[in-house]
Amino acid sequence: MGFRLTLRNLNKIGLSPFAKEVYKVVSGIPLGEVRSYKWVAKKIGHPKAYRAVGQALKNNPWPLLVPCHRVIESSGELGDYIFGKKNKKKILDLERQIKDLVL
DNA sequence: ATCATGACTAATG
DNA sequence: CCATTAGCCATGA
């Protein structure tokens, strides 16, 4: 079966320092807002590794918890998503609605 | 160490 | 806007 969500188990999953930084930064993107892959890359001190950022997010062990749906292309296009672009947009729309209603 | 792969980007036509 | 292309870099085989 699945594994329990504990710090010990999280440490078992060998995440590269790079990936960790990516998840850390992405987790800081506010609800309903978006940033580009390039923005994330620059933020973690690897300004030219924007493509690798995509790799890291593709392997995101906790989609939804680490809001990889808030990372889009610098052109404004949505970019890919593990659950499909449609859902990526859907989730972002919901987040904006919630933000309007509650906050 | 080398090589291919991609949730990318910017430039060009 | 669309298609093509060179550049880019962490990652896994």
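Worth knowing before you read on, the calculation uses all heavy atoms, side chains too, and leaves out hydrogens, waters and symmetry mates. Chain letters run A, B, ... following the sequence lines, proteins first, then strands; residues in each count from 1.
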message: Is it the case that the base of B:dA7 and the side chain of A:Tyr81 share a donor-acceptor contact (distance under 3.5 Å, atom types as modelled)?
response: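 No, no donor-acceptor pair under 3.5 Å.
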Once you round it to whole Å, what is the distance between [atom2] of [N] and [atom1] of [X]?
{"X": "A:Asp80", "N": "B:dT5", "atom1": "CG", "atom2": "P", "result": "17 Å"}
{"X": "A:Arg51", "N": "C:dT5", "atom1": "CZ", "atom2": "C1'", "result": "11 Å"}
{"X": "A:Glu77", "N": "B:dA10", "atom1": "CD", "atom2": "P", "result": "14 Å"}
{"X": "A:Tyr37", "N": "C:dG7", "atom1": "OH", "atom2": "P", "result": "24 Å"}
{"X": "A:Asn59", "N": "C:dA10", "atom1": "CG", "atom2": "C1'", "result": "10 Å"}
{"X": "A:Asn60", "N": "B:dA7", "atom1": "CG", "atom2": "C1'", "result": "11 Å"}
{"X": "A:Tyr23", "N": "B:dA7", "atom1": "OH", "atom2": "P", "result": "13 Å"}
{"X": "A:Lys42", "N": "B:dC8", "atom1": "NZ", "atom2": "P", "result": "18 Å"}

query: Yes or no on side chain to side chain contact (heavy atoms under 4.5 Å, CB included) for A:Leu78 and A:Leu92, after CA distance, side-chain angles and deciding distance?
result: CA-CA 10 Å; A:Leu78 275 186; A:Leu92 284 173; 4.0 Å; yes
- prompt: Do the non-hydrogen side-chain atoms of A:Leu31 and A:Arg70 ever get within less than 4.5 Å of each other?
  reply: yes
task: Measure the shortest side-chain to side-chain distance between A:Ile82 and A:Asn60 over non-hydrogen atoms and say whether it is less than 4.5 angstrom.
output: no
- prompt: Under 4.0 Å between a side-chain N/O of A:His46 and OP1 or OP2 of C:dA10, yes or no?
  reply: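 True: A:His46 side-chain N/O within range (under 4.0 Å) of C:dA10 OP1/OP2.
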- request: Please state whether the phosphate of B:dA10, meaning OP1 or OP2, lies under 4.0 angstrom from any side-chain nitrogen or oxygen of A:Lys38.
  value: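 For A:Lys38, the contact criterion (side-chain N or O under 4.0 Å from OP1 or OP2 of B:dA10) is met.
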- prompt: Do A:His46 and A:Glu21 have side-chain N/O donor and acceptor atoms under 3.5 Å apart?
  reply: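 No, A:Glu21 and A:His46 have no side-chain donor paired with an acceptor closer than 3.5 Å.
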- request: Identify, between A:Ser74 and A:Gln55, the residue whose nearest nucleotide on DNA chain B lies closer to the 5' end.
  value: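 The residue closer to the strand's 5' end, by nearest nucleotide, is A:Gln55.
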With a 4.0 Å cut-off on heavy atoms, is [X] in touch with a base, just the backbone sugar-phosphate, or nothing at all?
{"X": "A:Phe18", "answer": "sugar-phosphate"}
{"X": "A:Lys58", "answer": "base"}
{"X": "A:Ile82", "answer": "base"}

task: Take A:Arg96 and A:Asp100 through the test salt bridge (Lys or Arg N to Asp or Glu O under 4.0 Å) and record every step on the way to the result.
output: CA-CA 6 Å; A:Arg96 292 177 185 125; A:Asp100 283 348; over 6 Å; no
- request: Among the candidates C:dC8, B:dA7, C:dA10, find the nucleotide nearest to the side-chain atoms of A:Ser16.
  value: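 For A:Ser16, the side-chain atoms sit closest to C:dA10.
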- prompt: Pick the nucleotide of DNA chain C nearest each of A:Tyr50 and A:Pro17; which residue has the one closer to the 5' end?
  reply: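 It is A:Tyr50 whose nearest nucleotide is closer to the 5' end.
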